[in-house]
Amino acid sequence: MLDRSLINKNYPTVKFDVEKQRLKFFAKATGQTDPIYFDEIIAREKGFPSILAPPTFLTTVAYEQNNPNQYIYDLSVNMKDVLHAGQIYKYHSLVFAGDIITMDSKIKDMYDKKNGSLEFVEFESLYTNQNGKLVVESLSTLVIR
Amino acid sequence: MNKWDCRSAKIGDNLPELLIETISRTKLALYAGASGDHNPIHIDTDYTKRIGLSDVIAHGMLIMGYLGRVLTNNLNQNQILEYGVQFSSITNIGDKLACSGIVKEILNNKKNKIIKLELKVKDQNNDTKLKGYSLIKTS
């Protein structure tokens with residue numbers, strides 16, 4: 001059984017500069033084709049301040065830190081028993097090149113199913129931009145077999 | 001780009017299906033670099049063999065990124081209120097994926113009409129890789 005006292009444990013804030021080149025690389029790697037993901041001039045013609053970040057781009061922020069999987073290590077489980085079971089994003093504002101994003105994360109909940117043989121951990125990340133506006137909420141669900 | 005006219009959407013309407021080029025090691029290497037997820041299970045066959053897997057496996061988040069294109073190809077991104085997936089099975093090298101979306105519910109709140117889409121990624125054997133949903137606003 002997982003240590004439920006870890007619920008609400010917070011993790012260090014991560015700061016992330018959203019750069020044009022990185023956005024283009026991510027858009028290319030996920031197969032985007034619309035020039036608003038690649039071309040700043042076209043993005044501006046469409047009324048955006050710069051190149052747009054695709055919907056799943058903020059997954060990159062977690063990997064800016066030295067130990068992106070620290071919360072999994074804290075669970076004291078074998079890495080091979082952990083699966084990323086689900087991912088939800090809630091969007092409040094678009095993210096563009098030039099934004100500075102702050103990520104604040106915590107273990108939000110833990111629960112079990114099938115009489116404890118499957119345990120679930122919900123990990124929440126809140127992304128705020130340079131104006132202090134909450135732009136995206138992320139909820140990742142891990143299952144431990 | 002021509003966007004899908006969601007204002008006249010009806011339950012059961014399909015979004016255009018999106019076919020993904022065959023999953024290759026190059027695609028996984030590029031996504032590892034772009035996302036920062038350098039877990040060797042996605043890029044290093046020496047590593048996967050040591051842990052008893054015959055080959056690398058795709059990042060689940062890459063497949064979520066592909067499925068997201070069903071939304072961004074057909075809608076303005078600022079219409080997307082929520083996008084979520086469940087990862088159902090592993091995607092392997094050589095898989096050919098098809099991403100689809102269907103109008104599941106139409107919800108009316110005071111301000112806006114909200115459409116709930118059901119999203120799915122299937123492979124060449126009709127095996128479901130991801131099940132997802134999205135809530136989108138129509139204006």
Side-chain angles (χ1 to χ4, degrees), chain A residues 14 16 19 21-37 42-43 46-48 52-65 68-69 72 78-80 82-96 120 135-143, chain B residues 1-3 18-21 23 26-41 51-53 57 59-90 97 99 130-137:
Chain A
V14 179
F16 185 92
E19 293 167 339
Q21 300 301 338
R22 186 68 179 277
L23 285 180
K24 289 191 228 181
F25 188 14
F26 189 88
K28 181 183 173 191
T30 51
Q32 292 287 357
T33 53
D34 192 325
I36 57 173
Y37 299 109
I42 291 180
K46 302 262 179 186
F48 298 131
L52 177 59
T56 63
F57 177 75
L58 292 179
T59 182
T60 60
V61 177
Y63 298 104
E64 283 298 292
Q65 49 195 336
N69 293 321
I72 301 177
N78 197 327
M79 206 63 166
K80 72 174 175 46
V82 181
L83 287 176
H84 189 189
Q87 175 65 46
I88 293 173
Y89 288 108
K90 293 182 183 178
Y91 301 100
H92 303 290
S93 275
L94 297 174
V95 173
F96 299 98
F120 293 82
V135 288
V136 177
E137 298 173 60
S138 159
L139 192 68
S140 300
T141 305
L142 301 184
V143 59
Chain B
M1 205 174 273
N2 287 323
K3 301 287 182 181
L18 174 70
L19 301 175
I20 306 297
E21 271 181 62
I23 300 297
T26 302
K27 287 189 160 52
L28 305 191
L30 281 173
Y31 185 75
S35 67
D37 181 351
H38 302 161
N39 185 333
I41 202 166
I51 63 164
L53 286 174
I57 59 172
H59 304 74
M61 288 302 296
L62 170 60
I63 314 305
M64 185 178 188
Y66 287 148
L67 181 58
R69 280 162 54 204
V70 169
L71 303 174
T72 55
N73 284 354
N74 296 296
L75 303 158
N76 294 317
Q77 196 179 315
N78 62 9
Q79 292 178 264
I80 308 171
L81 300 173
E82 201 166 315
Y83 170 36
V85 302
Q86 286 175 287
F87 300 100
S88 309
S89 66
I90 283 168
L97 304 180
C99 303
L130 256 68
K131 279 184 288 198
Y133 74 94
S134 182
L135 299 178
I136 60 172
K137 57 180 180 183

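Every value quoted in this text rests on a predicted model; they were computed, and no experiment measured them. Order of the sequence lines fixes the chain letters, A, B, ..., with proteins taken first and strands second; residue numbering starts at 1 for each chain.
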Most chain B-contacting option - heavy-atom pairs closer than 4.5 Å, from A:Thr141, A:Leu83, A:Thr30, A:Val143: A:Thr30
is_close_aromatic(B:Tyr133, B:Tyr83), centroid dist under 6.0 Å: no
Beyond-backbone contact of B:Asn39 with B:His59, side-chain heavy atoms, under 4.5 angstrom: no
Options B:Ser35, B:Ser134, B:Gly132, ranked by heavy-atom pairs under 4.5 Å with chain A, top entry: B:Ser35
A:His84 side chain vs A:Gly86 backbone, donor-acceptor pair below 3.5 Å: yes
Top contributor to chain B contacts, counting heavy-atom pairs under 4.5 Å, from A:Pro55, A:Ser138, A:Pro68: A:Pro55
Contacting region of A:Ile36 [heavy-atom separation from chain B under 4.5 Å]: neither
Heavy-atom pair count under 4.5 Å with chain A, highest-scoring of B:Gln86, B:Glu82, B:Gln77, B:Lys27: B:Gln77
Between A:His92, A:Lys90, A:Gln87, the one whose heavy-atom pairs under 4.5 Å with chain B are most numerous: A:Gln87
Top of A:Ser93, A:Ala29, A:Ala62 for chain B proximity - count of heavy-atom pairs under 4.5 angstrom: A:Ala29
Structural part of A:Phe57 lying under 4.5 Å from a heavy atom of chain B: neither
Residue selection (most heavy-atom pairs with chain B, distance under 4.5 Å) from A:Thr59, A:Val136, A:Leu23, A:Thr60: A:Thr60
Greatest number of heavy atom pairs closer than 4.5 Å to chain B - which of A:Glu64, A:Lys80, A:Lys28, A:Arg22: A:Arg22
